Number of protein chains: 2
Amino acid sequence: MLSKKTKYALKAMIVLARNHGKGPMLISTISEQENIPKKFLENILLELKNAGMLASKKGAGGGYYLLKPPDTIMLSDIIRLMGGPIALVPCVSLNFYEPCEECKDELTCGIRQVALRVRDASLEILAKTSIKDLAEKEDSLIAMHKKTRQKSHAK
Amino acid sequence: MLSKKTKYALKAMIVLARNHGKGPMLISTISEQENIPKKFLENILLELKNAGMLASKKGAGGGYYLLKPPDTIMLSDIIRLMGGPIALVPCVSLNFYEPCEECKDELTCGIRQVALRVRDASLEILAKTSIKDLAEKEDSLIAMHKKTRQKSHAK
DNA sequence: TGGTTTCTCTACTAATTTAGTGGAGTTAAT
DNA sequence: ATTAACTCCACTAAATTAGTAGAGAAACCA
């Protein structure tokens with residue numbers, strides 16, 4: 001499962017992707033729009049900034065904004081940064097490898113073999129979906145549902 | 001990430017799969033073979049039993065054994081039973097659905113859309129791999145590595 | 001310059017989940 | 001009866017996650 005921290009980071013990045021090119025966004029704006037505790041979000045955005053994914057400006061008219069085009073920022077980048085789990089077991093994690101303490105022989109561990117396949121399948125999706133993709137997907141879903149609601153209302 | 005409990009359950013089930021047809025196995029045997037704390041394993045096996053995956057016999061010559069053929073027990077069955085996470089977010093979990101508290105609209109949530117795809121991809125693997133598959137895979141890996149070691153030694 | 005806005009940083013606390021243990025009880029075999 | 005095993009409940013400890021507090025620093029604006 002993704003931690004809340006990771007989910008918050010993803011949501012914030014999607015909002016910033018949608019806002020890309022329109023200047024900096026306030027922490028408090030994002031926090032309100034997405035129902036994220038403000039103080040918690042501060043930490044998260046700072047972390048994303050320190051990792052080079054965001055930039056910020058202080059003072060009036062300041063806020064956070066994306067440093068790179070939103071179609072170059074992949075979901076897997078964000079999840080990894082937040083320490084979120086992509087792999088099922090640490091011994092198949094590409095970025096946070098650790099041996100499983102109780103495992104006798106990694107090379108012949110059946111669980112590990114399956115975990116490798118699951119990791120690859122997940123990564124195939126997460127490393128190929130950008131926050132721009134998601135922002136657009138949400139927009140189109142919103143449009144679709146608006147129509148549906150109008151129709152069922154009109155009837 | 002899979003919890004230790006889930007990993008222990010998988011390992012125990014694989015051992016039991018390999019032993020299938022040869023009578024009951026002691027908790028302590030499994031515990032020693034797989035480096036699993038005995039008391040913890042007791043709880044886990046009991047849970048698997050109560051779920052109908054295992055049966056047990058008390059007294060001398062007793063122990064645990066599989067109730068169904070090992071090729072009908074899928075990894076996803078075990079992971080789910082142990083409350084392990086297959087889905088990245090609770091709102092796409094087939095068996096443990098829960099809305100994400102902070103989510104405004106599930107139907108238009110982009111993260112949810114991706115999580116659905118990841119879930120399906122993972123399940124495609126986990127629901128089609130049985131503990132028999134894994135036991136056999138391990139056996140063949142062990143055989144393979146034995147050869148390799150002999151060769152490199154002979155050289 | 002002084003005040004206001006907004007991010008920055010360190011350090012904590014609280015809540016939850018995970019991992020593991022203890023010990024008495026029950027069932028079955030010999 | 002005795003011994004070998006599983007059963008069951010209740011507890012503790014450790015780790016992780018979630019969230020908060022509050023002083024500080026930079027930028028802007030009057």
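If you're wondering where the values come from, they're calculated on a predicted model, not measured in any experiment. Note on naming: letters A, B, ... go to the chains in the order of the sequence lines (proteins, then strands), and numbering restarts at 1 for each one.
Listed for the A:R119 side chain is a donor-acceptor partner under 3.5 Å among the backbone atoms of A:V92. No donor-acceptor distance shorter than 3.5 angstrom exists from the side chain of B:K11 to the backbone of B:I30, with no hydrogens or angles considered. Side-chain atoms of A:S130 never come within 3.5 Å of backbone atoms of A:T72 as a donor-acceptor pair (strictly under, hydrogens ignored). For the pair B:K5 (side chain) and B:G84 (backbone), a donor-acceptor distance under 3.5 Å is absent.
Contacts of A:E98 classified as salt bridge (Lys or Arg N to Asp or Glu O under 4.0 Å), with partners at least two apart in sequence or in another chain: none. Applying the salt bridge (Lys or Arg N to Asp or Glu O under 4.0 Å) criterion to B:E32, with sequence neighbours excluded, gives no partner residue. For B:D105, the salt bridge (Lys or Arg N to Asp or Glu O under 4.0 Å) criterion is met by A:R149, not counting sequence neighbours. The salt bridge (Lys or Arg N to Asp or Glu O under 4.0 Å) check on A:K137 picks up nothing, with sequence neighbours excluded.
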Name each donor-acceptor pair under 3.5 Å that joins a side chain in residues 12-28 of chain A to protein atoms two or more places apart or in another chain, with its distance.
unit_1: A:R18; atom_1: NE; unit_2: A:D139; atom_2: OD1; d: 3.0
unit_1: A:R18; atom_1: NH2; unit_2: A:A135; atom_2: O; d: 3.3
unit_1: A:R18; atom_1: NH2; unit_2: A:E138; atom_2: OE1; d: 3.1
unit_1: A:R18; atom_1: NH2; unit_2: A:D139; atom_2: OD1; d: 3.3
unit_1: A:N19; atom_1: ND2; unit_2: A:G23; atom_2: O; d: 3.0

Do any side-chain atoms of residues 49-70 of chain B form donor-acceptor pairs under 3.5 angstrom with protein atoms, and if so which ones, sequence neighbours left out?
unit_1: B:K49; atom_1: NZ; unit_2: B:S56; atom_2: OG; d: 3.0
unit_1: B:N50; atom_1: ND2; unit_2: B:L46; atom_2: O; d: 3.4

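Put simply, CD1 on A:I44 is 14 Å from P on C:dT8, counting in whole angstrom units. Distance, B:L54 CG to D:dC6 C1': 12 Å, rounded to whole Å. In this structure, A:N50 atom CG and C:dT10 atom C1' are separated by 13 Å, rounded to whole Å. In this structure, A:M1 atom CE and C:dT18 atom P are separated by 10 Å, rounded to whole Å. In this structure, NZ of B:K49 is placed 15 Å from P of C:dT26, rounded to the nearest angstrom. Distance CD (B:E47) to P (D:dT7): 13 Å, rounded to an integer number of Å.
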Contact pattern, 5' to 3', of nucleotides 18-28 of chain D - B, S or - by protein heavy atom under 4.0 Å: SSBBB---SBS
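Sequence neighbours left out, not one pair with a member in residues 91-112 of chain A passes ring-ring contact (aromatic ring centres under 6.0 Å, His included). Within the structure, the salt bridge (Lys or Arg N to Asp or Glu O under 4.0 Å) test picks out no pair touching residues 70-83 of chain A (sequence neighbours left out).
The C1' atoms of five pairs define one axis at each end of the helix from C:dT1-D:dA30 to C:dT30-D:dA1, and these two axes lie 10° apart (to 10°).
Near DNA chain C, meaning a heavy atom under 4.0 Å away, the residues from residues 16-34 of chain A are A:M25, A:L26, A:I27. Using a 4.0 Å cut-off on heavy atoms, none of the residues of residues 76-97 of chain B approach DNA chain D.
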